[in-house]
Amino acid sequence: MTTACTHKQQTTGIDLANLDTTAIPQNDFYQFACGGWMANNPLTPEYSRFGSFDKLGLNNLEQVNGLIQGIAAKTHKQGSIEQKIGDIYNLAMDTARRDREGIEPVQAVLNEINSISSREELSAALGKAMDYQLWAMYVDADAMNSSMNILNEYQAGFSLGEKEYYIDEDEHTRSIRAAYVAYAEKLFSLFGFADAAERAQTVLRLETRLAKAAYSNVELRDPQRNYNKMSVAELQELVPQVDWKAYFEAVGITLDSLSIGQIPHLQEAGRMLAEEPLEDLKTLFAWQAIEGASSYLTTEIYMTSFEFYGKVLSGTEEPRPLWKRAVSIVNGTLGEAVGQMYVKKYFPEENKARMLALVHNLQKALGIRIENLAWMSDETKAKALEKLNAMTIKIGYPDTWRDYSKLDINAEDTYYANLQRAAKFEQEYSLSFLGKPVDKAKWYMTPQTVNAYYNPSSNEICFPAGILQYPFFDMSADDAFNYGAIGVVIGHEMTHGFDDQGCQFDKDGNMLNWWTAEDKAAFDARTKVMEEAFNRIEVAPGVHANGAFTLGENIADHGGLQVSYLAFCLNEESKPEAERLQTRDGFTPAQRFFLAYANVWAGNIRPEEILQRTKSDPHSLGRWRVNGALPQINAWYEAWNVTEESPMYIKPEDRVSIW
């Protein structure tokens, strides 16, 4: 079944200005496909990276800003969605008021921390706290019983996020740590702490202790290692330094069991609570509170935070304009309410229909590829096909919109106080699902988001309205373009159900093995080829990609390309031969497929951001999602006549072959 528009409506979708025709596609396909885009979209001071995703995100942000500004300019009934949107936006824009208020909005939190007078009070204090933590708690599906929600624990308490920032000894990472201590000292000083330098060193010492016990990003990718279901009594025995009864009472919940994510980290947090001086623990809590508040207080405090996280970590020269920050806050606070307005104005229903057709064609193609796998037994194939056919598809926006009636936004209060209530509202929303059946209709992204996801616990793929636009999706473009762009994105998310993590979950979302031992061994051997291929990529002088950390996303890119290209070929079979082979804008349909894919990853990035993302981002950098992925795809060689003379050439027997 063709998904094409009528011939009159069709364009190639390829913007020839995106190309760098001085580059040789067989030598550097990314430069050839994206060099023009990169030249035409140089990094501005506010960006550490700017690519096709970011450009579309900026367009969506401008559209949402237009909707919000019209609301914020008027007075609305207290308690209405319009009042809440308008007031939080206006509060975000009012820097003069924040400068007048100084640090006063966060003083109550600091007073609470300062009032802790004994270790016996720590458990309840941590349960009550919204602003400081040594671990995180959230509600999600039980990995072994995906129809029910359970409380999950996750490592936290170190502000740099990645443990490598605390333990790596290369010159760049050591400079990051030194800058972090200087940042902490300055922020403590701005909040009136006389012993700021000493406190900054205390923060680094305690966070390093937590980080050393934490799992690495590679270890965090192991679903079974990070699922440890136990009773509250067993938790009390595991981490006896915490009074868990007092902790959960302070949170406001009762429960019989939960899943602990990273046991060594939580045990170390418990030992810290018993061993570290109480004043040092309070210093860490105060640090978490003031740093968490830094974006919502004075201009000087905000800029102090930006100097470290923006300039030092990412190489960004200037902060984002205030209106962008304000819109992002509204999106984060009332996301689905904004999304409801967004889709009403900007998401045509015909887009949803064409996307559904594409998704079904991709499902069919992945099914064919599974059936034809020479390395997999019929027994495992049957389970894989069951899982594929059971996938839930979500496109555009949710069927039921979220209720924000209990969220209190009040312009008489400070910006920080309103955001505190919003955070509490989110926590209570999450906890309201505890011990209840999983809501299969729930969305985990807002409709205006430029992204997509696969959720293993519900075996669902979701494509918000925000991503269903150029350069990912174009109703007026031909099938070569749409299969190469959004088609690969669809295939990518489907393949996540069968990557090294997703393959551990069955059709119902339970962490349950459905593989024969022989088939799983064959799968692991094939994914190892992918891991090693990316380990060989040098992303910066002396710095290599982390093939184990990015493995899931690289498998998904590979599968997305293979599956979407097959779906494209099957779709083309129904067309007249002249149309199937038609060269347009100088390129064959197959060539346009790969150009469309590459253009999705066009972008510029600063050297500092390359280093940060190599530590923190499970996705490969944009250049390598093209130049690292395409040399593994046989069809790319055929489309572009890539021969052994090409520096991108990989011998057929050495190429990745999974799904």
message: With side-chain hydrogen bond (donor to acceptor under 3.5 Å, both in side chains) as the rule and sequence neighbours excluded, what pairs involving residues 233-242 come up?
response: S231-E234
- prompt: Would you say the side-chain atoms of N90 pair up with the backbone N or O of D87, donor to acceptor, closer than 3.5 Å?
  reply: no
- request: Using ring-ring contact (aromatic ring centres under 6.0 Å, His included) as the criterion, point out the one residue from F193, Y183, F191 that pairs with W287.
  value: Y183
message: Between E101 and Y416, is there a side-chain heavy-atom distance shorter than 4.5 Å?
response: no
field: Enclosure of E198 CD (heavy-atom neighbours >12, cutoff 6.0 Å)
entry: no
For the student: nearest non-hydrogen atoms of D617 and T550, plus distance: O-CG2, 3.9 Å
- prompt: Does any pair with a residue in residues 284-308 pass salt bridge (charged side-chain N to carboxylate O under 4.0 Å, His left out), and if so which ones, sequence neighbours excluded?
  reply: E307-K311
- prompt: Is K406 salt-bridged to E428, cutoff N-O under 4.0 Å?
  reply: no
query: Taking side chain as C-beta onward, heavy atoms only, is I329 less than 4.5 Å from L419?
result: yes
query: Are any side-chain N or O atoms of E608 and backbone N or O atoms of V312, one a donor and one an acceptor, separated by less than 3.5 Å?
result: no
query: What is the minimum heavy-atom distance between Y227 and A143, and which atoms define it?
result: CD1-CB, 3.7 Å
- prompt: Between H492 and H496, how do the two ring planes meet: parallel, tilted or perpendicular, split at 30° and 60°?
  reply: perpendicular
message: Tell me if a side-chain donor or acceptor on N604 pairs with a main-chain N or O of F50 at a distance below 3.5 Å.
response: no
- prompt: Are side-chain heavy atoms of I176 and L611 found at a separation under 4.5 Å?
  reply: no
query: Is there a donor-acceptor contact under 3.5 Å linking the side chains of E121 and S118?
result: yes
message: For a quick test of reading the model, state the closest non-hydrogen atom pair linking F53 to N451 and the distance between them.
response: CE2-CA, 4.5 Å
message: Could you tell me if the side chain of L258 sits less than 4.5 Å from the side chain of M137, heavy atoms only?
response: yes
Which pairs would a plain distance check flag for residues 109-116, meaning a side-chain donor or acceptor within less than 3.5 Å of a matching protein atom at least two apart in sequence or in another chain?
unit_1 : atom_1 : unit_2 : atom_2 : d
N111   : OD1    : Q107   : NE2    : 3.4
N111   : ND2    : Q107   : O      : 3.4
S115   : OG     : E112   : O      : 2.6

- prompt: CG of L322 to CG of D94: how many Å apart, nearest 0.5 Å?
  reply: 9.5 Å
query: So which heavy atom on E426 is nearest to which on T333, and how close?
result: OE2-O, 4.3 Å
field: E46 vs P321 side-chain heavy atoms within contact, under 4.5 Å
entry: yes
query: Any side-chain heavy atom of L284 sitting closer than 4.5 Å to one from T202?
result: no
message: With a 3.5 Å distance limit and no angle check, can you tell me whether E493 reaches the backbone of Y454 through a side-chain donor-acceptor pair?
response: yes
field: Pi-cation contact, Y302 with R98 (under 6.0 Å, within 45°)
entry: no
- request: Please say whether the positively charged group of K442, taken as NZ for Lys or CZ for Arg, lies over the ring of F433, i.e. under 6.0 angstrom from the six-membered ring centre and within 45 degrees of the axis.
  value: yes
field: Pairs where residues 170-179 contributes a residue and the test salt bridge (charged side-chain N to carboxylate O under 4.0 Å, His left out) is met, not counting sequence neighbours
entry: E169-R177
message: Looking at E609 and R49, would you say the former's side chain and the latter's main chain have a donor-acceptor pair under 3.5 Å?
response: no
task: Identify whether the distance between the nearest side-chain nitrogen and carboxylate oxygen of E318 and K324 falls below 4.0 Å.
output: no
Donor-acceptor list for residues 534-545 side chains, cut-off 3.5 Å, not counting sequence neighbours:
unit_1 : atom_1 : unit_2 : atom_2 : d
N535   : OD1    : G547   : N      : 2.7
N535   : ND2    : E531   : O      : 3.4
E538   : OE2    : G542   : N      : 2.7

Side chain K229, main chain D142, donor-acceptor under 3.5 Å: no
task: State plainly whether the residues E279 and K282 are in salt-bridge range, i.e. N to O under 4.0 Å.
output: yes
- request: Check the pair Q612, S314 against side-chain hydrogen bond (donor to acceptor under 3.5 Å, both in side chains), reporting the backbone distance first and the verdict last.
  value: CA-CA 7 Å; Q612 181 185 358; S314 298; 2.7 Å; yes
message: So, taking the atom named OG1 in T304 and the one named NZ in K186, what distance separates them when rounded to the nearest 0.5 Å?
response: 4.0 Å
message: Looking at every heavy atom in both P464 and A452, which two are closest together, and how far apart are they?
response: CD-CA, 4.1 Å
Donor-acceptor contact below 3.5 Å, side chain E219 vs main chain S216: yes
message: With a sphere of 6.0 Å drawn around NZ of K212, does it hold more than 12 non-hydrogen atoms of other residues, nucleotides or ligands?
response: no
- request: State which residues pass side-chain contact (heavy atoms from CB on, under 4.5 Å) with A250; sequence neighbours excluded, sorted by chain then number.
  value: A124, K128
message: Is the shortest side-chain heavy-atom distance between Y154 and D140 below 4.5 Å?
response: no
statement: Nearest heavy-atom contact between R97 and A411 is NH1-O, 2.9 Å
Side-chain donor/acceptor of H265 to backbone N/O of Y215, under 3.5 Å: no
message: Taking T173's backbone N and O only, do any of them form a donor-acceptor pair with D168's side chain (distance below 3.5 Å, no angle check)?
response: no
field: Candidate pair Q420 and D131, rule side-chain hydrogen bond (donor to acceptor under 3.5 Å, both in side chains), full reasoning
entry: CA-CA 9 Å; Q420 287 288 93; D131 311 277; 2.9 Å; yes
- prompt: Considering only heavy atoms from C-beta outward, does the side chain of V232 approach that of Y247 to under 4.5 Å?
  reply: no
CA sep, side-chain torsions, deciding dist, call: T254, F248, side-chain contact (heavy atoms from CB on, under 4.5 Å): CA-CA 7 Å; T254 56; F248 289 125; over 6 Å; no
task: Output, in order, the C-alpha distance, side-chain angles, deciding distance and verdict of side-chain contact (heavy atoms from CB on, under 4.5 Å) for Y444 and C462.
output: CA-CA 9 Å; Y444 297 92; C462 178; over 6 Å; no
- request: May I ask you to establish whether K615 and Y165 are in a cation-pi arrangement, using a distance under 6.0 Å from NZ or CZ to the six-membered ring centre and at most 45° from the ring axis?
  value: yes
query: Is a donor on one side and an acceptor on the other found under 3.5 Å between the side chain of E207 and the backbone of S159?
result: yes
